[in-house]
Amino acid sequence: MMSTTETETVLHESANPEPHVAENYHPLPVVVAEGGGVWVTDADGKRYLDLLAAYSAVNFGHRHPAIVEALVAQLGRVTLTSRAFMNDQLEPFAAALAELCGKDLVLPMNTGAEAVETGIKVARAWGYRVKGIPSGRARIIVAAGNFHGRTTTIISFSDDEQARDDFGPYTPGFDTVPYGDADAIAAAITDDTAAVLIEPIQGEGGVIIPPEGYLRRVREICDERNVLFIADEIQSGLGRVGETFACDREGVVPDLYLLGKALGGGILPVSAVVGDRDVLGVIRPGEHGSTFGGNPLAAAVGRKVVDMLSTGEFQERARQLGAHLAAALESLVGHGVTTVRIAGLWAGVDIDPTYGTGRDIAEKLRERGVLVKDTHGQTIRIAPPLVIRATELDWAVEQLRLVLEG
Ligand SMILES: *Cc1c(COP(=O)(O)O)cnc(C)c1O
């Protein structure tokens, strides 16, 4: 009935370990039971090197002791108050995060998509109240190939058919231009444009790095035309690219930073919109909020994350290890790899289709104890926790070489 080589895959499929979980994902066949640092362990005790880091939410590694300590300390005090009252953790977190960003104000939320939604609302309110756009007409320019989350408004300006089809009607008010083309943004701006919303590096798109000078040019255009520059740094920010923010690679400061993922230290969902008072200050009491946003547990964790980033140590690691990883991956080009795009410790590796799909390679790497995630068919994304060692990176790239050699 089945050949022995098929046995393992077929067994995994027939014995779905998550029969009660809605199938909105297609996970690799591994059931993680424990994690520490860059390693996770499955229910059978097999260890895997985690090169995905929960899409950069686990930048500091699984259960980083300093973050766990901050969490446990706060668990012993108070966890949730709602914003109907103040709590003694939110202001210190907001002050530290604002300082890290060089901005005045922080609006705390939970997930990345909520930070994006918040950014959209702030941009529209700014458009009407400050720029003077006629009511109901504000528009936001976005880039093709974007990923900003999964809410109905956000998928309205996605061009990913899987994310969009059958989920309309869509929210109007967005104009899509090619990514990496600043002139296209300039041409798309009208008197009704409130903001440009882009990822400084497109993550889900496959670690797409725009041409040098793009972010600087976008900043200039936004200044000239009185349009807000909103940088979605949810995946690219907080150390991943060897700087605090991907915008730092071009010395650019957006009007609003959208942050999430690693801000929660790999423990809790913590997101935020950070900006100056002249922009973020447009939001008035009652206009926006979240029951859990800014809760004391999240704030304690987020503040520890900001403390850790303020030394520059993790950014420096990402820079150095990124250079190391780049050299190792370059050696695979022409040997099953067509292209490598890399920024800090964040790589998009395009697999030669004759060697299989990105998913095929991810499944074979899993068998060898390395966890990665494919994106857009042929790409695998490598984004290990920033606490990884050079020797571990070398071992992982060696496993990829062995998989490609078949
Ligand atoms: C992951 C991601 C989001 C959405 O974050 P969630 O926490 O999954 O809602 C938004 N923007 C970017 C760039 C992301 O990578």
Side-chain angles (χ1 to χ4, degrees), residues 22 24-25 27 52-59 107-123 140 142-160 162-164 167 171 174 176 179-180 195-210 215 218 229-241 243-247 249 254 256-274 290 292-295 298 301-302 305 341 343-348 372-376 379 381-383:
N24 58 326
Y25 279 83
L52 179 65
Y55 306 93
S56 283
V58 184
N59 274 4
L107 198 162
M109 297 293 282
N110 311 284
T111 63
E114 288 173 307
V116 175
E117 290 276 353
T118 305
I120 291 166
K121 285 177 70 175
V122 169
I140 294 174
V142 298
N146 69 68
F147 181 88
H148 296 287
R150 306 291 202 167
T151 64
T152 41
T153 285
I154 293 171
I155 57 104
S156 296
F157 55 90
S158 166
D159 48 21
D160 176 346
Q162 272 190 320
R164 248 181 92 88
F167 302 117
T171 307
F174 300 94
T176 305
Y179 186 63
V196 172
L197 164 60
I198 52 170
E199 298 156 86
I201 292 176
Q202 288 188 331
E204 299 305 304
V207 191
I208 308 296
I209 304 169
L215 301 175
V218 172
F229 178 5
I230 307 177
D232 181 345
E233 293 259 17
I234 290 166
Q235 191 165 159
S236 59
L238 308 182
R240 173 57 56 192
V241 302
E243 306 276 355
T244 305
F245 302 110
C247 283
R249 287 161 45 98
L256 293 175
Y257 288 103
L258 310 183
L259 304 176
K261 292 201 166 102
L263 192 57
I267 297 185
L268 294 169
V270 184
S271 70
V273 175
V274 188
S290 157
F292 289 91
N295 73 73
V301 164
V305 165
R341 294 172 297 277
L345 206 43
W346 199 22
V372 296
K373 177 72 175 70
D374 57 296
T375 180
H376 288 260
T379 304
R381 171 186 16 202
I382 298 182

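Note that ligands are numbered from 1 as they come in the structure, with each ligand's atoms numbered from 1 the same way.
Of all protein heavy atoms, the one lying nearest to atom 9 (O) of ligand 1 is Ala113 N, 2.8 Å. Among all protein heavy atoms, the one lying closest to atom 11 (N) of ligand 1 is Asp232 OD2, 2.7 Å. Nearest to atom 14 (C) of ligand 1 among the protein's heavy atoms is Lys261 NZ, 2.9 Å.
If you check each of Ser56, Gly112, Gly264 against atom 7 (O) of ligand 1, the one with the closest non-hydrogen atom is Gly112. Counting heavy atoms only, His148 comes closest to atom 10 (C) of ligand 1 of the residues His148, Glu233, Glu204, Gln202.
For Phe147, heavy-atom contacts with ligand 1 shorter than 4.0 Å involve the backbone as well as the side chain. Neither the backbone nor the side chain of Arg150 has a heavy atom within less than 4.0 Å of ligand 1.
Residues Val273 and Leu258 have side chains in contact (heavy-atom distance under 4.5 Å, counting atoms from C-beta outward).
A distance of 7.5 Å separates NE2 in His148 from CD in Gln202, rounded to the nearest 0.5 Å. Taken to the nearest 0.5 Å, the OG1 atom of Thr153 stands 10.0 Å off from the NZ atom of Lys121. Between Gln162 atom CD and Ile155 atom CD1 the span is 12.5 Å, to the nearest 0.5 Å.
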Verify side-chain contact (heavy atoms from CB on, under 4.5 Å) between Leu197 and Asn146, making sure each step is shown before the conclusion.
CA-CA 10 Å; Leu197 164 60; Asn146 69 68; over 6 Å; no
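In this model, no donor atom of one side chain and acceptor atom of the other lie less than 3.5 Å apart for Asp159 and Thr176.
Of all atoms in ligand 1, numbered sequentially from 1 with element shown, those under 4.0 Å from a heavy atom of Ile234 are 2 (C), 3 (C), 10 (C), 11 (N), 12 (C), 14 (C).
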